[in-house]
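Data block below; observations after.
Hydrogens, waters and symmetry mates play no part in the numbers below; they use all other heavy atoms, side chains included. Proteins come first, then strands; the chains are lettered A, B, ... in the order of their sequence lines, and each starts at number 1.
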Amino acid sequence: HPQRARSGDDQCRIQRLNAQEPNRRYESEAGTTEFWDRNDGEFGCAGLKAVRHVIQARGLLLPAYNSRGIQGTVLPGCAETYETRSQSSTGDREQRSTDRHQKVRRIQEGDILALPAGLSHWAYNDGELPLICVAIIDTGNEANQLDEKYRKFFLAGSSEQEGGRGGQEGQSQRGEQQEFKSVFNGFDQELLADIFNVDSETARKLQGQDDQRGRIVRADRFQVTIPEFDRQEEEEERQHGRGSPNPNGLEEITCTLKLRYNLGSPRRADVYNPRGGRTSSVNSDKLPVLSLLRLSAKRGVLYKNAILAPHWNINAHSAMYVTRGSGRVQVVGDSGRSVFDGEVREGQLLVIPQNYAVLKKAGNEGLEFVSFKTNDNAMSIPLAGRLSALRAMPEEVLANSYDISREEARNLKYNRDELRVFGPLRSKSSRE
Amino acid sequence: HPQRARSGDDQCRIQRLNAQEPNRRYESEAGTTEFWDRNDGEFGCAGLKAVRHVIQARGLLLPAYNSRGIQGTVLPGCAETYETRSQSSTGDREQRSTDRHQKVRRIQEGDILALPAGLSHWAYNDGELPLICVAIIDTGNEANQLDEKYRKFFLAGSSEQEGGRGGQEGQSQRGEQQEFKSVFNGFDQELLADIFNVDSETARKLQGQDDQRGRIVRADRFQVTIPEFDRQEEEEERQHGRGSPNPNGLEEITCTLKLRYNLGSPRRADVYNPRGGRTSSVNSDKLPVLSLLRLSAKRGVLYKNAILAPHWNINAHSAMYVTRGSGRVQVVGDSGRSVFDGEVREGQLLVIPQNYAVLKKAGNEGLEFVSFKTNDNAMSIPLAGRLSALRAMPEEVLANSYDISREEARNLKYNRDELRVFGPLRSKSSRE
Amino acid sequence: HPQRARSGDDQCRIQRLNAQEPNRRYESEAGTTEFWDRNDGEFGCAGLKAVRHVIQARGLLLPAYNSRGIQGTVLPGCAETYETRSQSSTGDREQRSTDRHQKVRRIQEGDILALPAGLSHWAYNDGELPLICVAIIDTGNEANQLDEKYRKFFLAGSSEQEGGRGGQEGQSQRGEQQEFKSVFNGFDQELLADIFNVDSETARKLQGQDDQRGRIVRADRFQVTIPEFDRQEEEEERQHGRGSPNPNGLEEITCTLKLRYNLGSPRRADVYNPRGGRTSSVNSDKLPVLSLLRLSAKRGVLYKNAILAPHWNINAHSAMYVTRGSGRVQVVGDSGRSVFDGEVREGQLLVIPQNYAVLKKAGNEGLEFVSFKTNDNAMSIPLAGRLSALRAMPEEVLANSYDISREEARNLKYNRDELRVFGPLRSKSSRE
């Protein structure tokens, strides 16, 4: 059962939605971090923040944990990364010759990663091209018990406060802003030496006080063995993960469950129209850990001038990130008010509140996007097409509601016979 | 597990409760819509709004969906309506000669309808008398992810903003207020024509721009066949609904589950006292869809001067709507403060916050009411009678707590032997 | 699935945490009640309030119910109390000669009591020493549907408002403050006489208008028989409670389920280090009713100069109450800011927000505490020791993250081989 807290009794006065670029940017030694973290407007109302990391080749995103659930997607760029768990490993007899650590995962373009709140994570790009990750942070999620501020807890490094800069200033401005430090920095150095049973110099390094490399650091030497799965093994792993007993809650879950799902493959399409494109989704049925995060995602690929049927999300907000191309989007709020009617293009994020009706039409280059939804089983109802709300109603209701003839009511119900993805031109259905 | 968000850290300063009439009224071609939608006072604190529709004979309540869960009850007036689902129908081969649509339900006096948030609905009165529906909108419900504003999304028609009028002005004032439009109105007309593959004129009608009929329109021609169930079939349908597999979540649930429960029949009483009256309730055990809505309802029928035992609701707010008669109600808040001591009468709504103690005594005409509760398994603890908190405690606790003798403690525990509905006069129990 | 609402969109600006004494004190005839009930700072952010009752020998804590979940712990003082349930008893044929009432429970030092929201409770101290109870009230819990005010509903007595007094003034100041009354006080006296079928004088006593004894009254005569369980029966009772069918929700649950768990016994330690001390926890696996309350607790006993490994709570706030001794505590917030670095001592309460990292070191007298957590299965991740986040990561990550050698990375991972409770002195592990 999905749930969320809301921002009090003061109402969300959404007059216009905006397709937004990130509002802040932060440069590191081996990459860039950009934020959508405004508290006002539709982002604040929906309780959503977003972050985009661009990790250069040989870049290591430092270990950190967040105060809330995150869902990331991997975007264009042939890249591979490694990922560790922050949970206890089993059977760690310390044979220093072989480094023991928790499972490390390979991720690839099109992957959705589910990162449960409070777990630490890191990522390394061992490919040749930059790795682009977009993460949605659901500050309205009930897993977050404090407030709607986006709190970051770093386990390493020291990074400056990201300022309100436009984003193009580059690395020269680093160090001018308020500092972000690792949590180790807040503990007493001598106590840390005691606790880790190491010398003061190592404790000082653990605190990372002089580190100027930022959030993403260059790691030229990085040898971690990752087993290569074939597809069948992956499937078996998934089955095992679902069926295993779960005596201790989240801790055990995350040691066995799958945290990754690839939405990129056309074979995973839920809806496919050769004239229009396809949509694929991942929800808690496909990736059970999403029931913990109460998030899901849908990927859409629309061909040139194709239309995604107008619909409304009945139980979730939606944050649409454009991964390629551009298109025209219209969003209608309560009382039939138009709140967005414009172009969206690659790299922009558009938040569509729950119950608002939305229509998407691809431009000449097509339109590809990922929509993150604040429900692990988000559902929408189309207003047109074979499964639409109008087709479900008796003709008498349509005729009387719209003050039209029976013939016109029939046309509204049956003239568009496709499912949610419509071909670009007027299609005369076979019955016309 | 029922849950709800609250309106922030600012406290609810409830000094007095009020038995309220609707604060706004809106006239349509074939009916009236009245609203209890104040944001302040106990309504705001409890996160509740309410709407009352009076649908004249041959009136059609236009299709719409709401931003939150709704529970409606059908009130006096021998009437019948039809209702459709907004979900996908199975097996819709389009044979235009026979209109295919989703299941349509007949409703009757005393019915409770559970309308899951975000699903569209409509209603038609094919009876001779007006149909009165009271709907409770739970703006504090976690199914509502945005804010506590009551947002209406119309699929047809155009209706003016309901003003702050007292309610008696009648139809003449329609059109003076801010307009409410259908969601189709917010989309581009040519795009709509494309999407539905219809001509511009039909698209314009779909937008309903010139429609002045309001929310409830007259539909003199309205032929929809509704199968007539007998009671046994209905029971079977219910059994089937509960046992069916549910692979896809809400979508499948609402295609098979029962959304209706009749609280009117005396045979369904949970508590019955021939000297005092009866209470009947519907919760998620009886109507499983209520677990999605996290609401339940109780109907009370008190005879002349009968008393409903003082009690408190341990896990829900209660919104009491008086359907017939009048009575005296007392409500006590924390610290023993009296927050209501007055008369309630037919057509009024009284919100009783969680944990507040309440006592109801019928007037000379008796008192009938429906209480809507913000928990799908609302529970209350009586302060007097056979299952009361006092009877559960040892006599020693009562004697010491109230500084009374053992004999007096025994009287408090045992002198009133009825359950929650007490006869009108002092009853000397058989043991006295 | 644990959940909680938060105090709106306004952020919690936690600059410093404070180890706090109660801020208000209220004297009764046979005991003292003290409150931590500030709405600002970390208490407000975490949605927590706390109460400490000191019940003198022969003192009776009057029946009352609260607007939210409560968890109490019994503290030093060899004492015994009785407790009743406010639920319906089965088979209550009224044989006045033998007083029938619901189950009464004996509690003892080290017990954790889980009191579901809205149920009334009372307690009697039949021991020789004062009984000290500390109760955490989770005002942020979703079981509380109204606001974050701590509302008390008394079933007996009348008690003055607790003022902002320092606490040492004693009984002489009672009566000067705003009055707290029983809920019966808010009802009409004649109606009460009718309802309970008693005379006016008893109804007046029920209202407790002249009662000046306060919240805890002396009860010299108090004969209630409590069966003495041996450990095996207790275990059987628990098994029975878990396995029983639950047709009616909370009402049945609380009639059969265990509400008590003893955290005092060293045999129940989850982590034990003979050089450092132990921790014991109770969660919904051990005490199923906690899943209703969404709270859990951990007890820690640290020997002289021992250290509890630095860690963060991934899914809960923590309220640490010091039951004996003193120690040094450091807490680090987001961005590595130190928000607490100081001494805590017996009787103080320290709130540690979700995700904040904390380190505890016992003083020369040792340190004992109970941490209440706002999740029925609270989990934490240690930063050092055998199950730490650092040990779970590959050496390559540590070496690159902290800019240290492989040898230093190995030292960080392996030099402290103990679990969460560390011995007081630098331990050179066997591998060094």
Side-chain angles (χ1 to χ4, degrees), chain B residues 3-12 45-46 140 307 309-310 312 314-317 330 332-338 341 353-355 357 359 361 374 377 379 381 383-384 386-387 389 391-397 400-404 408 410-412 414-416 422 426-429 431, chain C residues 3 5 7-8 39 44 60 62-63 65 67 84-89 92 94 96 99 101-102 104 117-120 122 142-143 145-149 151-157 180-183 185-188 191 194-198 202 205-206 208 211 217 219 222-224 249-251:
Chain B
Q3 326 223 0
R4 61 191 7 241
R6 273 127 333 100
S7 39
D9 177 82
D10 42 320
Q11 295 171 4
C12 287
C45 284
I307 291 174
W312 74 92
I314 68 171
N315 60 358
H317 300 307
Q330 295 192 315
V332 183
D334 52 301
S335 316
R337 281 182 310 120
S338 167
D341 181 6
Q354 183 188 21
N355 280 320
L359 174 164
K361 183 179 180 181
T374 58
N377 207 345
M379 284 181 287
I381 298 179
L383 285 160
R386 202 153 77 225
L387 293 178
R391 196 176 280 211
M393 293 190 234
E395 285 173 19
E396 295 281 14
V397 173
N400 282 290
S401 291
Y402 300 116
D403 206 8
I404 53 180
E408 286 175 304
R410 266 182 225 119
N411 289 344
L412 278 178
Y414 300 111
N415 274 8
R416 175 64 80 168
F422 296 167
R426 276 198 179 217
S427 71
K428 291 298 173 186
S429 80
R431 278 170 205 81
Chain C
Q3 327 222 359
S7 38
N39 266 323
L60 169 70
L62 292 180
Y65 61 98
S67 55
T84 196
R85 303 188 216 178
S86 59
Q87 296 306 109
S88 62
S89 59
D92 47 0
E94 295 84 21
R96 303 266 183 104
D99 179 36
H101 55 79
Q102 290 188 351
V104 166
L119 300 197
S120 67
W122 55 271
E142 72 291 338
Q145 298 195 357
L146 199 50
D147 58 18
E148 303 218 347
K149 188 179 169 190
R151 289 185 164 79
K152 283 155 284 191
F153 296 83
F154 297 96
L155 293 185
F180 270 61
K181 311 254 185 185
S182 134
V183 293
N185 202 266
F187 290 123
D188 182 80
L191 267 173
D194 245 34
I195 284 166
F196 283 94
N197 194 14
V198 294
T202 303
K205 287 277 185 72
L206 185 64
D211 198 335
V217 305
F222 199 92
Q223 281 127 13
V224 174
L250 179 62
E251 197 155 8

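A pairwise comparison of heavy atoms in Phe422(B) and Ile195(C) identifies CE1-CG2, 3.6 Å as the closest pair. Shown here for Leu412(B) and Phe196(C), the closest heavy-atom pair between the two residues is O-CD2, 3.5 Å. In plain terms, the two heavy atoms of Asp188(C) and Gln330(B) that are nearest each other are N-OE1, 3.0 Å. Among all heavy-atom pairs drawn from Phe153(C) and Asp334(B), the shortest one is CE2-N, 3.3 Å. Nearest approach of Asp403(B) to Lys205(C), heavy atoms of both residues: O-NZ, 3.4 Å.
The CG atom of Leu155(C) sits 8.5 Å away from the OG atom of Ser401(B) when rounded to the nearest 0.5 Å. A distance of 7.0 Å separates CZ in Phe154(C) from OG in Ser335(B), rounded to the nearest 0.5 Å.
Only the side chain of Val217(C) comes within less than 4.5 Å of a heavy atom in chain B; its backbone stays farther off. Looking at Ile307(B), the atoms closer than 4.5 Å to chain C (heavy atoms on both sides) all sit in the side chain, from C-beta outward. Contact of Ser182(C) with chain B is made through the backbone alone, with heavy-atom distances under 4.5 Å. In this structure, chain B has a heavy atom under 4.5 Å from the side chain of Leu191(C), while its backbone stays farther away.
For Arg416(B) (side chain) and Val198(C) (main-chain N/O), no donor-acceptor pair under 3.5 Å exists by modelled atom type. In terms of modelled atom types and a separation under 3.5 Å, the side chain of Asn415(B) and the main chain of Asn197(C) share a donor-acceptor contact.
With chain C as partner, the option from Ile404(B), Leu359(B), Asp341(B) having the largest number of non-hydrogen pairs under 4.5 angstrom is Leu359(B). Counting heavy-atom pairs closer than 4.5 Å to chain B, the top-ranked of the candidates Leu206(C), Leu60(C), Asn185(C) is Leu206(C).
Between Trp312(B) and Val183(C), the closest side-chain pair of non-hydrogen atoms is not below 4.5 Å.
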